[in-house]
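Taking it in order: structure first as structure tokens, then the write-up.
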Protein chains: 2
Amino acid sequence: MNWTVQEGHFDSSLVTANGNKYMIGNGYLGYRGTLEEFGKEQLVAVTLAGLYDKAGDQWREPVNAPNGLFTRLTCNGQPLDVLDAELLAHIQELDIRSAIHKRETVYSISEGETLTFTAERFASADNLHLLAGRFTVRCTQDCRVVIDTGIDGEVWDINGPHLFSRLEQLKQNVLVSSAITGELGITVAVAETAVFSFGEQQMDTPGTMRRISFDALAGKTYEWFKYAAVYTGHDVSEPEAEAEMAARAAEQLGYAGLLETHRQLWEERWSRSDVVIEGDDAAQFALRYSIYQLLIIAPSESEKVSIPARGLSGQVYKGAVFWDTEMFMLPFFLHSDPRVARNLMMYRIHTLNGARRKAAEYGFLGAFYAWESQDTGDDACTLFNVNDVFTGRPMRTYFRDKQVHISADVVHGIWQYVQFTGDDSLLADGGAEVIWECARFFYSYAYYNPVKQRYEILDVTGPDEYHERVNNNAFTNALIKETLDIALRTAELLRQKHPSLYQELSEQFSGGPFLTEVKVMLEHLYVPQPDPDSLIIEQFDRYFSLEEVALADLKSRVLNKQEYWGGGNGLATTTTILKQADVVLMLNLFKHSFTKEVKQANWEFYEPRTEHGSSLSPCIYALVAADIGSPDWGYPYFMRTATVDLTGESKQYVGDFISAAHILRRTAGHGWPRCLASRA
Amino acid sequence: MNWTVQEGHFDSSLVTANGNKYMIGNGYLGYRGTLEEFGKEQLVAVTLAGLYDKAGDQWREPVNAPNGLFTRLTCNGQPLDVLDAELLAHIQELDIRSAIHKRETVYSISEGETLTFTAERFASADNLHLLAGRFTVRCTQDCRVVIDTGIDGEVWDINGPHLFSRLEQLKQNVLVSSAITGELGITVAVAETAVFSFGEQQMDTPGTMRRISFDALAGKTYEWFKYAAVYTGHDVSEPEAEAEMAARAAEQLGYAGLLETHRQLWEERWSRSDVVIEGDDAAQFALRYSIYQLLIIAPSESEKVSIPARGLSGQVYKGAVFWDTEMFMLPFFLHSDPRVARNLMMYRIHTLNGARRKAAEYGFLGAFYAWESQDTGDDACTLFNVNDVFTGRPMRTYFRDKQVHISADVVHGIWQYVQFTGDDSLLADGGAEVIWECARFFYSYAYYNPVKQRYEILDVTGPDEYHERVNNNAFTNALIKETLDIALRTAELLRQKHPSLYQELSEQFSGGPFLTEVKVMLEHLYVPQPDPDSLIIEQFDRYFSLEEVALADLKSRVLNKQEYWGGGNGLATTTTILKQADVVLMLNLFKHSFTKEVKQANWEFYEPRTEHGSSLSPCIYALVAADIGSPDWGYPYFMRTATVDLTGESKQYVGDFISAAHILRRTAGHGWPRCLASRA
């Protein structure tokens, strides 16, 4: 079976796409799939999880560290660089079984003579601060080779610079580059050491670089190793010293040993995570590639970070954590690595105060989680995050203030963890407080309709973002109902198993709303139900009164390919066309609450009306198709989802999260009929 | 004092504007200020109050009747027409004291020789079906004159044609043109008779025309008269016969007698309606012109029609009745002619079922009055009534479904009438039912906030249409509170004075909501109050969190002069800039509930933020300025309002109602300091 993604030649137009596709990472850092000689123009990035910085009045974004694996060759005075030099052959590949990136490039150095450069790297699964690389040069003709390598401090930023007061030091053959972030003054330190068994090393080059010059003999392979360690002020009190020590320690252990440990950890990881598909190699590979993407961004050792929408692939989407984590990725980790699942939910517990601030900002009680969450839990989402292509003006959207389901998603995630693992320590460690603050938020967000004698949830945006500010979105109401129910169950669980915690909670919320109010609201909360005749669940109040138009006809109205279909005057907003699974997502979440007939009727009704403008959509249609025993309906959606990061084909303006992760929602063990959950 | 509007020469670019400016009318019909020889291209229109027709899938609009006063001259074979012939002099004038339109045109008929044509017309204030005209011709040189006159059946329509199966008859010298409307099959009949004391009359001309040919002698004045009567199937069962009889009767009475009666009625009307301003002739004239506009469109004899936004000046704005009638015009009629005020409110009573249908359409109880009301009270307002200038697409606006204050405006109007006149028969004649159905509508529209323990009014558009779908608009909530209060007072009044009616009402609403529910809601309804420190009343929830931008700066962001500032992505929507008086309108309506300090603080706060994009805005700022003893602040707004129909200067896209009417809100007797109410 194939475990390798490979590029058989160099194509400069794919530099950015391959930066995403060939990524390595270990949850602490992501390293883009760029080549060794690349710099900031080619979007090299060592993106650090959970470290954010705000430059000027631009939006906050994650910080990229200097690149400790930078390496550039010169042969007989001629720079060897894929962008400029003559290439005779070039291969880039990613081994997803062990998370190792490799490249091999054959340069022409004179008529009929070549120099072959190979490089291999990995972000250690053992020591998350460590990057290691092995390099070789081999030529067919004697020549003079110069290697420039060290730490490239010219960092790519969207909204930077973020690193100031840079200090570049040489400490007994270890290069150390350190700087502090502009907003919070956090130190970011990178230390590098390199081991050469040949040539003459010169260390007085500009910046943190070393230059090795030697006369290469034809037919001989020259090999060297690099070890780079990254530490920040979030990790330790002395990041520079720690990074230096880590680089030295790595050198001591040696590349082979480090790689072997790394490989073993990945093997163990796959043994927990693999899903085997029989008889469909393309599906098997795409699924494994998607799992790989999740594994390289999973916070295995930190409960202070979660998984951003674009993983650790750079600064796009502000490095922000969305609802995807709980609703699309969590189930995978529950099945494969519950410690990661626990870390993800602990991140929400640690950011509770940010959610409280957001609720208070809008005049509500409790916790209203950030639509785009960073380190503090304050919302990184702006009120204007799409540009109107017709006027160039920022467009008011209601992602930040109306997608209230985010707080229910968090509660759903915590409860999933507790239910699945049986580990209710998460509740005692802050989970119960989060659940109750979210329930209290919804209590204050809800309104009572005195004529219909029910609580309603008004003015929200559901998963289908093309329809903003709707009333009684079925998905949102169902999740809020679940939140209230979970809150009451949690209280009961605490009362029985952690009475002192229950006592604390009771005192904390003694001013109400607490048990009494939430019980009443739960009893009287309106959740849209299937129509008795058609079985269709109306997505929100008056959805059925919107214009019915075929998706193809709506597309024919498009004037500008980049125009946003939602927002104030979007093409879809006054029609029944939806961006992504909404009612159908609810049917998947609460699969045991609906009959097959209801699921099928709604699948058939909503599918032709769904644009799938988000990568969060086809996966859900695939899962529900599988659930109702119609795998043939689901297969194209599964493949579309599983291959999205391989093909790079997704809508650019809003929906293109790092979508590979999405397909895995409950794949294992939840009925994808062509998949067999495996703990091989 | 001047009572005449005059045009001293002919300017073809002013044909449309003067059609509005020189209008005559009598509440049954409006006759545009066009010239006798004009046809549909020059927007001649005899617009009938309360008769609507829908052609195809276009919007419904009022029906224009054929023009019974059409007259065109020829001299020595040369057509005399202001548009083509050589004019030596031309005067068009409107006598607003007697509502008489005049023109005098001197044509060159050969070198140094002239023909002078005069025409005078009025829409009888005595017999509302009657139009009458006096015409003269006088030449300086003998010549051959041909007069073509009769009924011009080529009717101008925006969305027509509306008249079908036209029948043109000659009945003993009376021309009768009749037709039926397409949608409802209502007959529209026009009869014309003309009296000539000269020439030879030929009646075999095409259509309903007569041709009079004669040799005119130099220096002699030739005079003739025309009488045209209009009846529809809404008025009588035999409109053709009735029109024919009316034309004959008018001819019998003769022009001088008809004119004298008309003049007397207008004199009597002014004696009730005039407002004298001392020492400011321009203001005096502008105010009288505005009063004139109200008098020619007031439904003095019908309780089945009200005053459309554009009066009877044609089909613009669908001939629809908006909230202006109750909130801006009614007070004038209360002071000057309470019978008209009663008719206006009876119109709302007659259209209650349309309002009930609209409430039911949206799932509410009671009566939700039409934003744009026609004959049935069903809403003529579409969900898309502004075009996006950047894409050419219709833009979703929330006039129809969210300006719920319209039902409170109706209640306010009824109660104003009852309070002002002491005539509570209006309540017995259906007013009480309207009031209660509106109160029940609001009860079902409101939501209860369980945390704040109050009823709130969510998701509305207030008078400031640039901010759609807001919560707790101060104006709307205050008016709804008044509605609930009025409903309870009405019930009490009926209980005491009309116990059987009270019994009926109690039975009708025995299923609730009725007294109990409305009392509770009234006690707990939230109405935004002045801030204790700043005294400012927030226009709606979170208005203060919008972008603060100077009006001039906002204007500098305009990309297209025609772009709409409201709607989905409008420039003003995310800022504190408002279209028109909103909080300040509330301060004017409830002037006795607020201190001078509160009024002044809010005037000063909101005025710089107000675009005055509607003619309903400056008048209110003028009134509140007067109320707080700052007439100098108010004067420019008063003049801007009073002259709007004279100058024709107002925004074209939405706000340009027939605004002359607006300034008169409570002018008489309510404190405009430079005005002295007069019943001379």
Side-chain angles (χ1 to χ4, degrees), chain A residues 361-366 383-384 386-398 401 440-441 443-456 458-459 468-471 512-513 517 520-521 524 541-542 545-547 557-560 563-564 566-571 573-575, chain B residues 361-366 383-384 386-398 401 440-441 443-456 458-459 468-471 512-513 517 520-521 524 541-542 545-547 557-560 563-564 566-571 573-575:
Chain A
E361 177 195 340
Y362 288 109
F364 299 114
L365 303 175
L383 299 180
F384 298 83
V386 176
N387 257 18
D388 183 338
V389 296
F390 300 107
T391 61
R393 295 174 184 147
M395 185 189 293
R396 178 69 158 93
T397 48
Y398 292 86
D401 41 357
R440 286 160 50 84
F441 165 66
Y443 184 80
S444 71
Y445 196 88
Y447 279 94
Y448 187 72
N449 183 321
V451 172
K452 296 178 177 159
Q453 301 192 317
R454 65 192 193 188
Y455 287 84
E456 299 186 16
L458 308 174
D459 202 4
E468 297 182 328
R469 304 195 61 195
V470 303
N471 292 341
E517 292 83 356
V520 169
M521 180 172 161
H524 295 94
D541 290 354
R542 298 188 64 73
S545 73
L546 297 174
E547 185 197 1
R557 297 179 190 172
V558 167
L559 298 175
N560 181 319
E563 70 176 274
Y564 182 52
N569 297 332
L571 270 182
T573 59
T574 57
T575 75
Chain B
E361 176 194 341
Y362 288 109
F364 299 113
L365 304 176
L383 299 180
F384 299 82
V386 177
N387 256 20
D388 183 338
V389 296
F390 299 108
T391 60
R393 295 173 184 148
M395 185 188 292
R396 177 69 158 95
T397 49
Y398 292 86
D401 41 357
R440 287 160 49 83
F441 165 66
Y443 184 80
S444 72
Y445 197 87
Y447 279 94
Y448 186 71
N449 183 320
V451 172
K452 297 178 178 158
Q453 301 193 318
R454 65 192 192 189
Y455 287 83
E456 300 185 17
L458 307 174
D459 201 5
E468 297 181 325
R469 306 196 59 195
V470 304
N471 292 341
E517 293 84 355
V520 170
M521 180 172 162
H524 296 95
D541 290 354
R542 298 187 64 75
S545 72
L546 297 174
E547 185 196 1
R557 297 179 190 171
V558 167
L559 298 176
N560 181 319
E563 70 177 274
Y564 182 52
N569 296 332
L571 269 182
T573 59
T574 57
T575 75

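None of the values given here were measured: they were computed from a predicted structure. Note: hydrogens, waters and symmetry copies are ignored here, and every other heavy atom, side chains too, is used. Each chain gets a letter, A, B and so on, in the order the sequences are listed, and its residues count up from 1.
- In this structure a side-chain-to-backbone donor-acceptor pair under 3.5 Å is present from A:R469 to B:R469.
- Ranked by heavy-atom pairs under 4.5 Å with chain B, the first of A:D541, A:D459, A:L458, A:N560 is A:L458.
- Heavy-atom minimum distance, A:L559 versus B:R393: CG-NH2, 3.3 Å.
- Residues B:L365 and A:V451 meet the side-chain proximity criterion, which asks for heavy atoms closer than 4.5 Å.
- Heavy-atom distances place the side chain of A:E456, and not its backbone, under 4.5 Å from chain B.
- Interface residue B:S444: backbone and side-chain heavy atoms are both found under 4.5 Å from chain A.
- The greatest number of non-hydrogen atom pairs below 4.5 Å with chain B, out of A:M521, A:M395, A:R542, is found for A:R542.
- Taking every heavy atom of both residues into account, A:A446 and B:P450 meet most closely at O-CD, 3.6 Å.
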Please lay out, stage by stage, how B:N569 and A:T391 fare under the test side chain to side chain contact (heavy atoms under 4.5 Å, CB included). CA-CA 10 Å; B:N569 296 332; A:T391 61; over 6 Å; no
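- A:R396 places no side-chain N or O within donor-acceptor distance of the main-chain N or O of B:T573, the cut-off being under 3.5 Å.
- If you measure heavy-atom distances from A:F384 to chain B, the contacts under 4.5 Å come from the side chain alone.
- The parts of A:E361 that come within reach of chain B are both its backbone and its side chain, each placing non-hydrogen atoms under 4.5 angstrom from that chain.
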Show your working on side chain to side chain contact (heavy atoms under 4.5 Å, CB included) between A:D388 and B:F390 and close with a plain yes or no. CA-CA 10 Å; A:D388 183 338; B:F390 299 108; 5.9 Å; no
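- Proximity to chain B is limited to the side chain of A:Y455, based on heavy atoms less than 4.5 angstrom apart.
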